[in-house]
**Q** 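Let me begin by handing over the structure; questions about it come next.
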2 protein chains.
Amino acid sequence: MRADAKKNYEHILAVAGTVATIDGAGASLRDIARRAGVGLGTLYRHFPTREALLEALLRASFDALTVKAGELETAHAIDEALVSWLRDVVACARNYKGVITAMMAAMEDTNSALHASCVSMRTAGSRLLTRAQSEGVARSDMDGEDLFSLAAALAWLGDQPSSAPRAEHLFSLIASAILTNRGSSDPSRTPGPSASR
Amino acid sequence: MRADAKKNYEHILAVAGTVATIDGAGASLRDIARRAGVGLGTLYRHFPTREALLEALLRASFDALTVKAGELETAHAIDEALVSWLRDVVACARNYKGVITAMMAAMEDTNSALHASCVSMRTAGSRLLTRAQSEGVARSDMDGEDLFSLAAALAWLGDQPSSAPRAEHLFSLIASAILTNRGSSDPSRTPGPSASR
DNA sequence: ACCTGAACACCGTTCAAGT
DNA sequence: ACCTGAACACCGTTCAAGT
C-alpha cells in the first residue's frame with residue numbers, strides 16, 4: 001500500500017471510530033468521509049462494505065476476546081471465568097450502538113467481513129461453556145450458539161434506552177440461568193443434580 | 001371522518017400490514033403509499049408518524065394481551081400463566097420484524113404513539129409477575145421492567161437469522177431464569193431455598 | 001375536508017474522469 | 001495507484017396547490 005493510501009486508511013478508521021461512537025454502527029458513511037476530508041470513493045476503496053469498516057474498528061477487541069477465552073479455559077473457577085468472558089463480550093459489542101445486530105447477521109453470512117471474527121468468538125466461548133458443563137457448573141441443555149445469542153440479547157438490551165440502566169441486573173439474571181449453582185455460596189462445588197439426601 | 005377518508009384510512013392500514021409483514025417495521029412509507037394508491041401526504045395525514053401506523057396495526061393485539069393478563073391473574077397455576085403470557089407477548093412483537101425496537105424506544109418516549117400501549121402491557125405483566133412472586137414461583141429480585149425487557153430480548157432474538165431457529169429453546173432458558181421451581185417435576189411446589197436436608 | 005405530488009435534504013453505491 | 005465527486009436511485013418529511 002502506498003504511503004498516502006495508508007495514511008488515508010488510518011485516518012478514515014480513526015474518524016469512523018469517533019463518528020460510530022456517537023451515531024452507532026449505522027452512522028452515515030458519507031458523513032464519515034466528509035469529516036475525514038476524503039472523497040466517498042476513497043472510503044469505499046478502503047472499506048468496500050460497512051461490515052469491513054466495523055470489522056477493522058473491532059478487530060483488536062475481537063482478538064483480545066478470543067485470546068482471553070483461551071486463557072480462561074484453564075482457570076481455577078470455570079464458572080467465574082465463563083461469566084467474566086460473557087461480560088467482556090457484551091461490553092465489546094456495546095462499543096458501537098447497533099453493532100450487535102450486524103454481528104448476528106454476519107454469523108449467517110459467510111460473505112460478511114464480520115463473519116470470521118464472530119464465528120471464532122463464538123467458538124472460543126463454546127469451549128469455555130463445554131468445560132463449565134463438564135464440571136457441572138453450567139446447564140447442560142445449551143450450546144455455544146445459545147451462549148452467544150444470550151450475550152447478543154444482553155448487548156441489545158444495553159442499546160435500548162428503557163433497559164440500559166438495568167443492564168447489570170439483566171446480565172446477572174441471565175448469567176444465573178446459565179450457571180447451575182443456584183444456591184448462594186456453596187463451598188462444595190460438586191456436579192450432578194442438586195438434591196443430596 | 002368523511003366516508004372517502006375513512007376508506008383511505010382502512011385501505012392504507014391493510015396495505016401497510018401486508019408490506020410490514022414482509023419488510024418489517026421499518027418498511028418504506030413511500031412504498032406503502034404507492035401500493036395503496038394514495039399520495040404520500042394522505043398517508044401522513046392519517047398516520048402522522050411511523051409509530052402511529054404501527055400502533056394502529058398492533059392495537060388489537062395489544063388490547064388482547066392486556067385483557068389476557070387480567071384474566072390470567074386469577075389462574076390456578078400462576079407460573080404457567082406467567083409463562084403463557086410471556087410467550088404471547090413475544091409472539092405479538094414478532095408480527096413485524098424490528099417492531100420490538102420501536103416498542104422499547106416508545107417506553108421512554110411519552111410522545112410516541114406506541115407509548116401508552118406498551119406501558120399498559122408492561123403494567124399488566126407486572127401484576128402477573130407480582131402474583132407469581134407472592135406465591136414463590138418467580139424470582140423475587142426482578143420487576144415488571146425486567147420482565148418486559150426479557151420478553152423484548154426474546155422477540156429480538158427471534159428477528160435475528162442466527163438465533164431465530166433456536167427461539168423456542170432460548171425462550172425456555174429465560175423462562176427458567178424467571179421461575180423459581182428449578183427441579184424438573186416437583187409436586188410439592190413450596191417456596192424458599194431449594195436444599196431440603 | 002381531504003388529497004396530491006413536487007420540493008428539500010438526506011442516504012448508499014457506482015464509476016468516469018482526473019492526478 | 002490512488003483519489004474525487006457527480007450521478008443514480010432511493011429515503012422521510014413538509015407544504016403549496018388543487019378538488
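In what follows, chains are A, B, ... by sequence order, proteins preceding strands, each numbered from 1. Computation of the quantities below employed the complete heavy-atom set of this structure, encompassing side-chain atoms and omitting hydrogens, waters and symmetry-equivalent molecules. Small disclaimer: the values here were computed from a predicted structure and weren't measured.
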**Q** For D:dC2, does either OP1 or OP2 sit under 4.0 Å from a side-chain N or O belonging to A:Asn8?
**A** no

**Q** Check whether any side-chain nitrogen or oxygen of B:Arg34 sits under 4.0 Å from OP1 or OP2 of D:dC11, and answer yes or no.
**A** yes

**Q** Using whole Å, report how far CD1 of B:Ile32 lies from P of D:dG12.
**A** 8 Å

**Q** Using Watson-Crick or G-U wobble geometry with both distances below 3.5 Å, tell me the partner of D:dA17, or none.
**A** none

**Q** Which is true for A:Leu40 with a 4.0 Å heavy-atom rule: it touches a base, it touches only sugar-phosphate, or it touches nothing?
**A** base

**Q** Please examine the side chains of B:Leu43 and B:Arg30, heavy atoms only from C-beta on, and report whether any two atoms are closer than 4.5 Å.
**A** no

**Q** Any base atoms under 4.0 Å from B:Arg50, or only sugar-phosphate, or nothing? Heavy atoms, all strands.
**A** sugar-phosphate

**Q** Heavy-atom nearest nucleotide on DNA chain D for B:Gly41 versus B:Gly26: which residue maps closer to 5'?
**A** B:Gly26

**Q** Is the shortest side-chain heavy-atom distance between B:Val19 and B:Val15 below 4.5 Å?
**A** yes

**Q** Separation of A:Ile12 atom CD1 from D:dC3 atom P, in whole Å?
**A** 7 Å

**Q** Output the single nucleotide from D:dC2, D:dT13, D:dT4 whose closest atom is nearest the side chain of A:Val38.
**A** D:dT4

**Q** Take the protein atom OH of A:Tyr44 and the nucleotide atom C1' of D:dC8, then report the distance between them rounded to whole Å.
**A** 13 Å

**Q** Return the value, rounded to whole Å, for the distance between atom CG of B:Asp23 and atom C1' of D:dC11.
**A** 13 Å

**Q** So which nucleotide from D:dT4, C:dA1, D:dC3 ends up closest to the side chain of A:Arg45?
**A** D:dC3

**Q** Closest to the A:Ala5 side chain: D:dC3, D:dC11, C:dT14?
**A** D:dC3

**Q** Quick one: are A:Ser149 and A:Met104 in side-chain contact, heavy atoms under 4.5 Å?
**A** yes

**Q** So, OP1 or OP2 of D:dC2: does either fall under 4.0 Å of a side-chain N or O from A:His46?
**A** no

**Q** Whole angstrom is fine here: how far is it from NZ in B:Lys6 over to C1' in C:dC3?
**A** 19 Å

**Q** Only pairs with both distances under 3.5 Å count, Watson-Crick or wobble alike; so what is the partner of D:dA9 in this structure?
**A** none

**Q** So what does B:Ala27 touch, heavy atoms closer than 4.0 Å: a base, only the sugar-phosphate, or nothing?
**A** sugar-phosphate

**Q** Ignoring hydrogens and angles, state whether a donor on the side chain of B:Asp146 or A:His169 is under 3.5 Å from an acceptor on the partner side chain.
**A** yes

**Q** Please tell me which of the listed nucleotides, D:dC2, D:dT4, C:dC3, lies nearest to the side chain of A:Arg2?
**A** D:dC2

**Q** Rounded to whole Å, how long is the line connecting atom CZ of A:Arg30 with atom C1' of D:dC8?
**A** 11 Å

**Q** Remember a base hit wins even if backbone is also touched, and classify A:Ala3 as base, sugar-phosphate or nothing at under 4.0 Å, heavy atoms.
**A** nothing

**Q** Rounded off to whole Å, could you give me the CG-to-P distance for the B:Asp31 and D:dT13 pair?
**A** 15 Å

**Q** Under 3.5 Å, is there a donor-acceptor pair between the side chain of B:Gln133 and the main chain of B:Met142?
**A** yes

**Q** Could you tell me which nucleotide pairs with D:dC3 by Watson-Crick or G-U wobble geometry, both distances under 3.5 Å, or answer none if nothing does?
**A** none

**Q** Could you tell me whether B:Ser28 contacts a base, only the sugar-phosphate backbone, or nothing, with contacts defined as non-hydrogen atoms closer than 4.0 Å?
**A** sugar-phosphate

**Q** Quickly work out the A:Leu29 CG to C:dG12 P distance and round it to whole Å.
**A** 5 Å

**Q** Stepwise, does the side chain to side chain contact (heavy atoms under 4.5 Å, CB included) test hold for A:Arg139 with B:Leu173?
**A** CA-CA 10 Å; A:Arg139 59 188 296 162; B:Leu173 277 179; 3.2 Å; yes

